[in-house]
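Read the structure below first, then the notes.
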Protein chains: 2
Amino acid sequence: MTNIKVIAKMAGVSVTTVSRVLNNHKYVAEEKRAIVQKIIDEMNYTPNKNAIDLIRGETRMIGVIIPYNNNQAFDQMLHGVLNQSVERDYSITVLPTKYNKDKEIEYLSMLKNKLLDGIIITSRTNNWESILPYTNYGSVVSCEYTDHQEIGCSYIDRYASYLDTFQYLKDKGHSKVAFTTVRGMESMSTKQLMAAYKEVFGELQSEFYLSDCSRFEDGYNAGKKLLSLKKRPTAIYANGDEVAGGMYQYAQSINMRVPDDIAILGQENQPIGVGMGISSVDHQLIKVGEQAFDLVINKSRQKIQIPYRIIERSSI
Amino acid sequence: MTNIKVIAKMAGVSVTTVSRVLNNHKYVAEEKRAIVQKIIDEMNYTPNKNAIDLIRGETRMIGVIIPYNNNQAFDQMLHGVLNQSVERDYSITVLPTKYNKDKEIEYLSMLKNKLLDGIIITSRTNNWESILPYTNYGSVVSCEYTDHQEIGCSYIDRYASYLDTFQYLKDKGHSKVAFTTVRGMESMSTKQLMAAYKEVFGELQSEFYLSDCSRFEDGYNAGKKLLSLKKRPTAIYANGDEVAGGMYQYAQSINMRVPDDIAILGQENQPIGVGMGISSVDHQLIKVGEQAFDLVINKSRQKIQIPYRIIERSSI
DNA sequence: ATGAAAGCGCTAACAC
DNA sequence: GTGTTAGCGCTTTCAT
């Protein structure tokens with residue numbers, strides 16, 4: 001292992017001097033700097049960043065906690081983070097939890113371990129009380145709103161969005177609308193969705209709600225269930241355009257017309273949505289990710305709301 | 001900062017003993033082990049992994065070099081890597097290069113810097129000769145085939161795939177086929193694509209080839225160009241289902257029927273493809289990523305080929 | 001069984 | 001300007 005000591009010996013100077021040329025310090029004789037640099041180049045030497053981090057207590061590395069690594073919504077946020085990190089010269093470490101509480105905490109403790117300067121939580125399974133202690137070791141920002149002031153937030157106002165969306169559907173003349181989600185009632189956003197539904201349409205009949213939908217196939221199956229109901233919905237609000245696409249395809253397979261027989265609304269403005277002409281409410285998750293990144297590296301605890309928008313296409 | 005020293009003092013033992021209980025060493029009196037563990041729990045102490053890495057010279061962290069962070073193909077490989085990393089308890093750092101040579105080398109030198117145990121290169125811009133030296137510092141595996149035996153490879157036989165695909169198209173009666181790519185002739189796979197085309201159809205007329213296609217919109221525009229040709233193609237082989245989807249939509253917008261008026265073949269079996277019924281040649285990039293991960297962590301230099309398959313739907 | 005002490009590779013006072 | 005030295009937080013001989 002060729003380390004700073006070796007270079008120092010070869011150059012006939014002290015490690016300090018080598019360290020100085022490495023870090024572009026002033027007060028190094030041009031002559032010595034030249035010879036040191038020459039040895040460095042010859043030996044093709046690069047400092048051990050691990051040792052540097054150990055001393056500095058900083059890593060320029062940000063972690064992104066993500067439940068699944070194959071979910072469009074989380075992917076979009078991750079992309080936003082990645083976009084910014086490239087500009088700002090930070091590295092990003094992806095931390096997939098599968099909503100495992102211990103795993104999540106293990107990742108959080110990477111802050112304590114000085115492995116990460118900050119963490120972005122796109123979605124969590126532990127309660128905030130368990131997470132809060134880690135804010136002492138590094139910046140943690142959430143992509144979901146929380147009151148806790150030690151947590152910075154880059155979030156969307158999901159409740160408002162859901163309210164708007166259901167109202168939009170109601171205005172279009174729909175009163176029997178069904179919807180799908182990824183997770184069940186353990187998820188904050190599912191709860192908000194439920195609440196918004198109730199606000200607009202009143203009590204929800206349970207057959208109109210389906211969880212565990214992530215991909216196209218899930219949408220297809222959900223479509224089958226929903227459209228087989230004796231009292232079937234006139235509109236479906238899917239949690240993602242991929243899921244919506246699956247529903248769309250099932251509808252077509254049984255010769256139902258969209259939007260005449262069944263209206264379909266997706267989320268997140270995914271490619272499949274533009275391809276199939278599915279209306280979508282875009283929560284601009286990429287922007288959420290970009291903003292979250294800015295917050296972490298600035299160790300900011302601001303609460304920043306990212307606007308959503310409904311993109312009208314022909315499925316509704 | 002509560003470190004091992006503090007714990008040692010509080011427990012009234014030496015740092016060595018603390019280190020031993022931390023690492024589950026034998027030869028620690030059950031009594032002492034208990035008291036040390038108690039303090040550790042009370043103090044909510046976790047060791048500084050950075051310091052541990054420094055000594056061990058290992059990080060359990062793998063880097064994935066990716067040109068863009070918003071390209072379906074690279075995303076799929078990344079997902080494959082992520083899938084495996086969760087199982088094996090490794091962290092993954094995403095290293096986006098935008099095909100910048102210096103950035104790419106900078107990332108490679110993270111191996112030397114002891115920041116990464118290994119690196120997976122999904123696509124590169126430097127030549128292998130520049131990359132080879134870094135194999136001395138850690139395992140580097142490529143998702144593209146190379147003869148260099150210091151590089152492990154998890155790859156697809158692109159040339160064979162392209163040959164098969166074009167032959168498939170020819171068998172379907174197409175002789176005028178156009179195609180698109182992300183990058184131009186600087187890319188290895190574009191070169192192979194060209195060669196395969198020539199092999200099957202003979203000389204390529206330049207209007208039948210378009211580069212810089214990544215997303216749906218690119219496909220739409222490519223479709224417009226290709227279908228506006230006086231001598232237009234009867235089939236298009238798109239570099240991805242998203243791009244294919246854009247072409248499909250343009251075709252529909254001018255009332256051309258798919259596949260009767262124009263046949264469209266995509267790649268990578270993306271959701272939009274199943275949604276729109278686009279035939280696709282699936283290179284199983286997720287598997288490529290999974291296999292690549294296995295290779296890095298085993299420091300294997302094997303060359304493993306992942307099979308591709310043509311998925312027939314209705315666009316051809 | 002347990003602890004003292006010597007590093008891992010580097011930075012940052014502090015002295016000269 | 002340059003070098004000596006004391007750490008950063010931990011592991012690992014080597015004694016005891």
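So you know, we letter chains A, B, ... as the sequences are listed, proteins then strands, and number each from 1.
Annotation: cation-pi pair B/R183/B/Y99 present, NZ/CZ under 6.0 Å from the ring centroid and within 45° of its normal.
The shortest distance between the side-chain N/O atoms of A/N23 and the OP1/OP2 oxygens of C/dT11 is below 4.0 Å. Proximity of A/K112 to the phosphate of D/dG9: no side-chain N or O atom is located under 4.0 Å from OP1 or OP2. Between C/dG3 and B/K32, a contact under 4.0 Å exists linking OP1 or OP2 to a side-chain N or O. At C/dT2, none of the side-chain N or O atoms of B/S14 fall inside 4.0 Å of OP1 or OP2 (strictly under the cut-off). Phosphate contact (OP1/OP2 of D/dT12, side-chain N/O of B/Y27, threshold under 4.0 Å): absent. A sub-4.0 Å separation between OP1 or OP2 of D/dT11 and a side-chain N or O of B/S19 is present.
Between B/K114 atom NZ and C/dC10 atom C1' the separation is 15 Å, expressed in whole Å. Going from atom CG of B/N48 over to atom P of D/dC8 covers 12 Å, rounded to whole Å. Computed from coordinates, the B/D53 CG to D/dC10 P distance equals 12 Å when rounded to whole Å. Between A/H25 atom NE2 and C/dA13 atom C1' the separation is 12 Å, expressed in whole Å. Taking atom CG on B/L115 and atom C1' on C/dG9, their separation rounds to 13 Å, with Å as the unit. Distance, A/K9 NZ to D/dG3 C1': 15 Å, rounded to whole Å. C/dT11 atom P lies 5 Å from atom CD1 of A/I52, rounded to whole Å. A/K5 has its NZ atom 9 Å from the C1' atom of C/dC8, to the nearest Å.
Classification of the B/Y68-B/F74 ring pair by plane angle, with boundaries at 30° and 60°, yields tilted. Between A/Y155 and A/Y145, the angle of the ring planes lies from 30° to 60°, which puts this pair in the tilted group.
Atom CD of B/E58 sits in a crowded spot, with more than 12 heavy atoms from other residues, nucleotides or ligands closer than 6.0 Å. Few gaps surround CD on B/E87; more than 12 heavy atoms of other groups in view lie less than 6.0 Å from it.
Between B/D294 and B/R88 there is a salt bridge, since at least one side-chain N of the basic residue sits less than 4.0 Å from a carboxylate O of the acidic one. One finds no salt bridge joining A/R60 and A/D53 here, because no Lys/Arg side-chain nitrogen approaches an Asp/Glu carboxylate oxygen to under 4.0 Å.
One donor-acceptor pair, N or O on each side, does fall under 3.5 Å between the base of C/dG3 and the side chain of B/R20. Not a single donor-acceptor contact under 3.5 angstrom links the side-chain atoms of B/T17 to the base of C/dA1.
Ranking C/dC10, C/dC8, D/dG3 by closeness to the A/A51 side chain, first place goes to C/dC10. Distance from the side chain of B/R56 is smallest to D/dT11 among C/dC10, D/dT2, D/dT11. Nearest to the side-chain atoms of A/N3 among the listed nucleotides C/dT2, C/dG9, D/dC10 stands C/dG9. Closest approach to the B/V28 side chain among D/dG3, C/dT2, C/dG7 is made by C/dT2 (side chain taken as heavy atoms from C-beta onward).
Each of B/S187, B/S189, B/P67 was checked for a side chain to side chain contact (heavy atoms under 4.5 Å, CB included) with B/S123, and the lone residue meeting it is B/P67.
End-to-end axis angle for the helix from C/dA1-D/dT16 to C/dC16-D/dG1, using five pairs per end and rounding to 10°, comes out at 40°.
Residue-level contact check: A/I55 touches the bases, meaning some heavy atom is under 4.0 Å from a base atom.
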